[in-house]
2 protein chains.
Amino acid sequence: MKSDTVFKQAFNQTLDLLSAAGTGAPLPSENALSADLGVSRTTVRKVLARLSERGYVAGQGRNRVIASAVPDGAHFPHPETVATAKQVEVHFMEWMLRGQAQPGTQINELELARAFGVGTTGIREFLNRFRRFGLIAKRPNAGWVFMGFTREFAMELFEIREMFELRSARALAQLPDSAAIWPRLRAIERQHRDLLRDIDERYQDFSDLDNRFHRLINAAAPNRFIDDFYDIITLIFHYHYQWNKHDERARNEIAIHEHLAYIQALLTRDLPRVQAACTLHLASARATMLATFEAA
Amino acid sequence: MKSDTVFKQAFNQTLDLLSAAGTGAPLPSENALSADLGVSRTTVRKVLARLSERGYVAGQGRNRVIASAVPDGAHFPHPETVATAKQVEVHFMEWMLRGQAQPGTQINELELARAFGVGTTGIREFLNRFRRFGLIAKRPNAGWVFMGFTREFAMELFEIREMFELRSARALAQLPDSAAIWPRLRAIERQHRDLLRDIDERYQDFSDLDNRFHRLINAAAPNRFIDDFYDIITLIFHYHYQWNKHDERARNEIAIHEHLAYIQALLTRDLPRVQAACTLHLASARATMLATFEAA
DNA sequence: AAATTGTTTTTTATCGATAAGCGAAAACAG
DNA sequence: CTGTTTTCGCTTATCGATAAAAAACAATTT
């Protein structure tokens with residue numbers, strides 16, 4: 001049976017909308033809600049029905065109004081709103097990157113399914129999708145093997161990353177003045193400066209900014225295989241640095257400065273300078289990640 | 001339930017072994033057969049049991065001998081020996097590349113399952129694995145969309161291919177004299193000359209040789225992401241040219257000459273010459289594929 | 001007529017069950 | 001004791017069933 005995480009998440013989001021609007025206000029149309037929440041109207045109607053049942057909303061059809069304030073505890077608990085596939089991902093990344101798993105470890109579908117509280121199908125699907133990340137290998141009819149999040153893996157990952165990013169940075173620098181990318185680059189430059197100003201409080205926001213910055217560069221000359229590869233980078237970085245907080249503030253501050261130099265270079269469109277700034281930053285990112293292997 | 005294609009294929013292969021050995025000869029040990037056929041001993045035993053039952057093999061345990069010649073028609077029909085996953089692949093590639101499918105077409109899991117004669121799980125798994133080929137996209141909870149085997153797809157594919165191969169060719173040219181790759185390169189050069197000699201009869205063998213040649217170049221400096229990408233190339237080329245036989249002989253002959261020039265360049269280790277030969281060949285391969293879009 | 005709601009049909013996500021296939025341990029032969 | 005076969009438990013591949021979610025269609029209101 002399908003899980004109803006979509007419904008529960010939509011329900012919680014709608015509760016927040018109700019709170020924001022206040023008692024007595026009329027509700028938006030079903031179509032509007034559907035667009036807002038990013039779910040089908042079928043789900044919206046299910047949410048509305050539940051809200052009426054609970055008494056938070058009164059009236060029928062197009063005469064619905066907010067009937068009462070939403071009490072604390074009306075939301076579905078967070079874990080119930082996370083899609084099964086996402087849960088598997090989080091569990092599996094933790095299992096892999098936090099060291100319980102040695103290179104060469106056999107992966108047992110049924111065992112993982114039990115441990116993560118999902119059916120074997122979910123595990124299977126995840127493993128199949130995750131295969132392209134290069135961290136697991138399949139032996140037909142005989143299961144999966146974890147290959148290890150090793151120094152070697154990181155080296156290979158960065159080799160490709162540098163190749164791709166250099167290519168995209170070059171392409172970006174050669175775009176005409178009229179290209180839509182330049183204002184976007186300036187906008188992200190501003191966000192870097194803002195973050196740098198509040199670095200002491202907000203240094204954790206860098207991870208997201210970093211991701212957006214590199215994706216913007218790749219967007220200069222779109223290529224689906226490069227985009228795909230960036231999914232791998234994003235996932236690995238996301239989980240790796242989430243559990244590896246050593247020197248995070250200092251690391252991020254340095255990276256912001258590198259980004260700013262890189263952006264300056266791009267804005268001048270001086271190709272050698274772009275390449276230098278790009279190479280410098282990526283080498284630094286690589287050194288940071290490789291350093292985590294030395295420590296261990 | 002799991003299909004028994006592994007058993008059936010092993011059975012057929014064993015029949016061929018029996019025919020080759022002739023009546024009266026003793027059978028190899030179960031372990032030897034297992035290694036030979038590339039299946040587990042469990043499956044070997046199942047095959048042996050069936051052979052005894054049919055009377056082709058007499059004796060028990062280590063005293064098994066071939067009892068009689070194998071009649072025609074003893075083999076399982078070929079389709080029964082193809083794993084479900086492979087069947088799905090073949091069907092799907094045909095559906096996709098032979099034009100019944102327009103870009104933007106919705107992919108219906110159940111419908112495909114019916115059409116291909118497999119369960120929905122098989123389709124789902126295939127689609128998930130196939131996603132990385134960049135030809136289909138997923139909209140969560142709402143199915144898959146076929147994006148089209150378009151000129152644009154081919155351009156993006158070749159951009160990456162050229163980037164990767166140039167990198168590998170450079171790495172190869174810089175390996176020391178003692179590297180194990182040089183004799184292998186000479187061996188594959190010989191195979192090219194052999195094929196060229198019999199080009200009229202054997203031009204169809206080029207596809208396999210081409211694949212092995214490019215993989216050898218990538219093996220100079222292994223990187224799992226490049227290997228992975230080469231899987232995409234291999235699959236696309238395999239099916240595309242299987243159904244696109246226009247000028248095949250001439251095409252292949254030209255490509256062999258390009259390969260030979262490329263190999264010569266590699267053997268001299270003259271970097272500019274290597275790059276020139278590599279670029280030339282890849283540009284030619286790209287032009288060949290792009291030409292198929294003009295025709296349509 | 002356009003937008004909205006009500007209803008029905010279609011399609012996906014997810015589970016559990018089961019035979020095929022793998023691999024290790026036990027038993028056996030020389 | 002070495003290589004082989006026998007036996008057995010464990011794991012994967014594959015199916016069909018079912019509720020959730022989306023999408024298409026019909027009816028209604030403004």
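Lettering follows sequence order; numbering is per chain, from 1. Keep in mind that the numbers below use all heavy atoms, side chains included, and drop hydrogens, waters and symmetry copies.
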Near-ring test A:Phe92/A:Tyr239, centroid separation under 6.0 angstrom: no
Atom pair distance, as rounded to whole Å: CZ in A:Arg45 and P in D:dC25: 18 Å
Per-nucleotide protein contact string for nucleotides 18-30 of chain C, where B marks a base within reach and S marks sugar-phosphate only (heavy atoms under 4.0 Å, - for neither): BBBSBB-------
Touch class at under 4.0 angstrom, heavy-atom based, for B:Ile107 against every strand present: sugar-phosphate
Pairing residues for B:Tyr56 by the ring pair (Phe, Tyr, Trp, His ring centres under 6.0 Å) criterion, not counting sequence neighbours: none
Presence of salt bridge, A:Arg114 and A:Glu111, under 4.0 angstrom: no
Distance, rounded to the nearest Å, where A:Glu30 contributes CD and D:dA21 contributes P: 16 Å
Plane angle bin for B:Phe126 and B:Phe130 - parallel if under 30°, tilted between 30 and 60°, otherwise perpendicular: parallel
Residue closer to the 5' end of DNA chain D, B:Thr120 versus A:Gly143 (nearest nucleotide): A:Gly143
Nearest-Å distance for atom pair CG/C1', residues B:Leu110 and C:dT10: 10 Å
SB check A:Asp208 A:Arg212 (cutoff 4.0 Å): yes
Candidate list A:Asn218, A:Asn211, A:Asp210, test side chain to side chain donor-acceptor pair (under 3.5 Å), partner A:His214, passing option: A:Asp210
Gap between atoms CD and P, on A:Gln106 and D:dG9 respectively (whole Å): 20 Å
A:Gln9 CD - D:dA21 P separation (whole Å): 11 Å
B:Leu27 CG - D:dG3 P separation (whole Å): 20 Å
Rounded distance in Å - CG (B:Asn108) to C1' (D:dA23): 12 Å
Pair A:Phe149-A:His240, ring pair (Phe, Tyr, Trp, His ring centres under 6.0 Å): steps then yes or no: CA-CA 10 Å; A:Phe149 180 64; A:His240 181 70; 5.3 Å; yes
Sugar-phosphate, base or nothing in reach of A:Asn31, heavy atoms under 4.0 Å: base
For atom CD1 of A:Ile123 and atom C1' of C:dG16, their distance in whole Å: 15 Å
